[in-house]
Structures are given as structure tokens and as C-alpha cells.
Amino acid sequence: MEAIVSSTKATKQLAKKIAEKLKPGDVLALYGDLGSGKTTFTRFLVEALGIKARVQSPTFIIARVYEDDNGAGKENFLRAITKVNHLDLYRLQSKPEVLDLGLLEYFKQPKSITLIEWPELAEDLLPEKTIEIKFEVLAENERKVNVQNLH
Ligand SMILES: Nc1ncnc2c1ncn2[C@@H]1O[C@H](COP(=O)(O)OP(=O)(O)OP(=O)(O)O)[C@@H](O)[C@H]1O
Ligand SMILES: [Mg+2]
């Protein structure tokens with residue numbers, strides 16, 4: 001699926017549409033240049049899942065976890081996903097570093113999904129069914145978003 005989003009509002013709508021199709025255990029690999037909208041998309045996705053948390057770029061921390069057991073699920077079908085792991089591998093240099101981070105542990109956590117910005121280093125480690133989303137800057141407020149493997 002490919003979409004052109006001409007505003008952050010359109011990105012928000014797209015994130016909601018995608019959020020409705022997610023299942024616990026899903027992994028989303030977010031590709032795209034600096035400023036292409038990976039973190040912005042993550043913020044809208046977390047919101048669409050009904051998880052109240054402040055989503056920030058995890059660049060310096062590498063991993064952030066957003067969890068809202070009580071509030072989650074109002075707009076989250078079946079209340080199935082109550083936790084979002086948000087990783088950003090931009091600062092990492094090698095695959096061992098990715099493993100040290102405990103990447104594979106995130107995938108096993110119950111009721112959670114995992115989003116990974118700059119996932120290139122982790123490619124061999126990602127589940128086969130990983131949902132791939134590619135962001136491309138077309139203009140200041142316009143992005144091309146390509147989504148693969150979302151069923
Ligand atoms: N249609 C759009 N969709 C998403 N973001 C947009 C859009 N139009 C403008 N923007 C802006 O583009 C910027 C995207 O920044 P964001 O931090 O999400 O990028 P990123 O891909 O996570 O970058 P990085 O690789 O540095 O982590 C934000 O300032 C956002 O407001
Ligand atoms: Mg980012």
C-alpha cells in the first residue's frame with residue numbers, strides 16, 4: 001500500500017488506519033531519511049492505540065517503552081495492545097550492539113508491539129512478518145509512505 005500524505009493530519013489518519021490492523025507481537029520497521037516522519041508517525045500510532053504517553057525521539061536513549069494499562073484500549077480493538085516499544089538504532093554501529101540492546105526480547109513481550117526507526121542494522125534479526133514502512137520526503141509537509149506486509 002502506498003499513500004501520499006500532504007499534512008501531519010493526513011499522517012495521523014494513516015497511522016490510525018494502520019493501528020486498527022495491528023496485533024500483539026507485531027514489529028514495524030520504519031525506514032526513511034532524517035526528518036521524514038518516523039517519530040511523528042509513531043506518536044500518532046501510540047495515540048491511536050489509546051496509550052497516553054509522551055512520544056519523543058529515542059535517539060539518545062535508543063529505546064523507550066510506552067505503556068498505559070488502565071487507559072489503553074478505548075480505541076484499541078479488543079484492548080489487545082497496551083504497550084509500545086519504540087527503538088531508534090541510528091546511534092548504533094554494529095549488529096552485536098543491536099543484540100546487546102536485547103532487541104529480540106522486545107518482540108516476545110505480551111500485549112506489545114515494537115517500532116524500530118533506522119532498522120537497517122537489525123534486518124537479519126527481524127521477524128519474517130515484519131511490517132515495513134518507508135517514508136520519503138516529497139515537500140515540506142508532504143510525504144510518500146509505502147507500507148508492506150500489513151494484513
Ligand atoms: N505529512 C507529514 N507527515 C509527517 N511529518 C511531517 C509531515 N509534514 C511535515 N512533517 C514534519 O516533519 C518532521 C518529521 O520529524 P520526525 O522527527 O518525525 O522525523 P524522523 O523520521 O523521526 O527523523 P529522525 O531520523 O531524525 O528520527 C516533523 O517536524 C513533522 O512535523
Ligand atoms: Mg525519529
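Because the structure is predicted, anything quoted here is derived from the model rather than measured. Numbers for residues simply follow the sequence, beginning at 1. Note that ligands are numbered from 1 as they come in the structure, with each ligand's atoms numbered from 1 the same way. When reading the values below, keep in mind they use all heavy atoms of this one structure, side chains included, and skip hydrogens, waters and symmetry mates.
The nearest N, O or S atom of T39 is closer to the Mg ion (ligand 2) than 2.8 Å.
A search for side chain to side chain donor-acceptor pair (under 3.5 Å) contacts involving E140 returns nothing, not counting sequence neighbours.
Within E117, OE1 is the N, O or S atom that lies nearest to the Mg ion (ligand 2).
Against a heavy-atom cut-off of under 4.0 Å, V5 is close to the following atoms of ligand 1: 1 (N). Close approach of ligand 1 to T11 (heavy-atom distance below 4.0 Å) involves ligand atoms 1 (N), 2 (C), 3 (N), 4 (C). Shown in contact with W118 at under 4.0 Å from a heavy atom are these atoms of ligand 1, numbered in order with element: 25 (O). Near T39, with a cut-off below 4.0 Å to any heavy atom, the atoms of ligand 1 are 17 (O), 18 (O), 20 (P), 22 (O), 27 (O). Distances below 4.0 Å separate heavy atoms of K38 from the following atoms of ligand 1: 18 (O), 19 (O), 20 (P), 21 (O), 22 (O), 23 (O), 24 (P), 25 (O). Every atom of ligand 1 is numbered from 1 in the order shown, and the set under 4.0 Å from a heavy atom of S7 is 1 (N), 2 (C).
The closest approach between a heavy atom of E140 and any atom of ligand 1 is below 4.0 Å. Heavy-atom distances between G32 and ligand 1 stay at or above 4.0 Å for every pair.
D88 CG to E117 CD: the interatomic distance, rounded to the nearest 0.5 Å, is 4.5 Å.
Salt bridge status for K17 with E20: absent, with no side-chain N to carboxylate O gap under 4.0 Å. For E47 and K12, the salt-bridge test passes: some basic side-chain N is under 4.0 Å from an acidic carboxylate O.
Considering E117, E142, Q56, K9 only, the shortest heavy-atom separation from atom 27 (O) of ligand 1 involves E117.
Judged purely by distance below 3.5 Å, without hydrogens or angles, the side chains of E136 and S36 never pair a donor atom with an acceptor atom.
In summary, of the residues considered (W118, Y66, F41), a ring pair (Phe, Tyr, Trp, His ring centres under 6.0 Å) with H86 occurs for Y66 alone.
Below 3.5 Å of separation, one finds an N or O of N141 facing an N or O of ligand 1.
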Distance-only donor-acceptor pairs under 3.5 Å for side chains of residues 123-134, two or more places apart:
unit_1: E123; atom_1: OE2; unit_2: Y31; atom_2: OH; d: 2.5
unit_1: D124; atom_1: OD2; unit_2: K95; atom_2: NZ; d: 3.0
unit_1: T130; atom_1: OG1; unit_2: P127; atom_2: O; d: 2.6

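Nearest heavy atoms, A48 versus A15: CB-O, 4.5 Å.
In this structure the side chain of V84 never reaches within 4.5 angstrom of the side chain of T114, judged on heavy atoms.
Under 4.0 Å from ligand 1, the heavy atoms of D33 that appear belong solely to its backbone.
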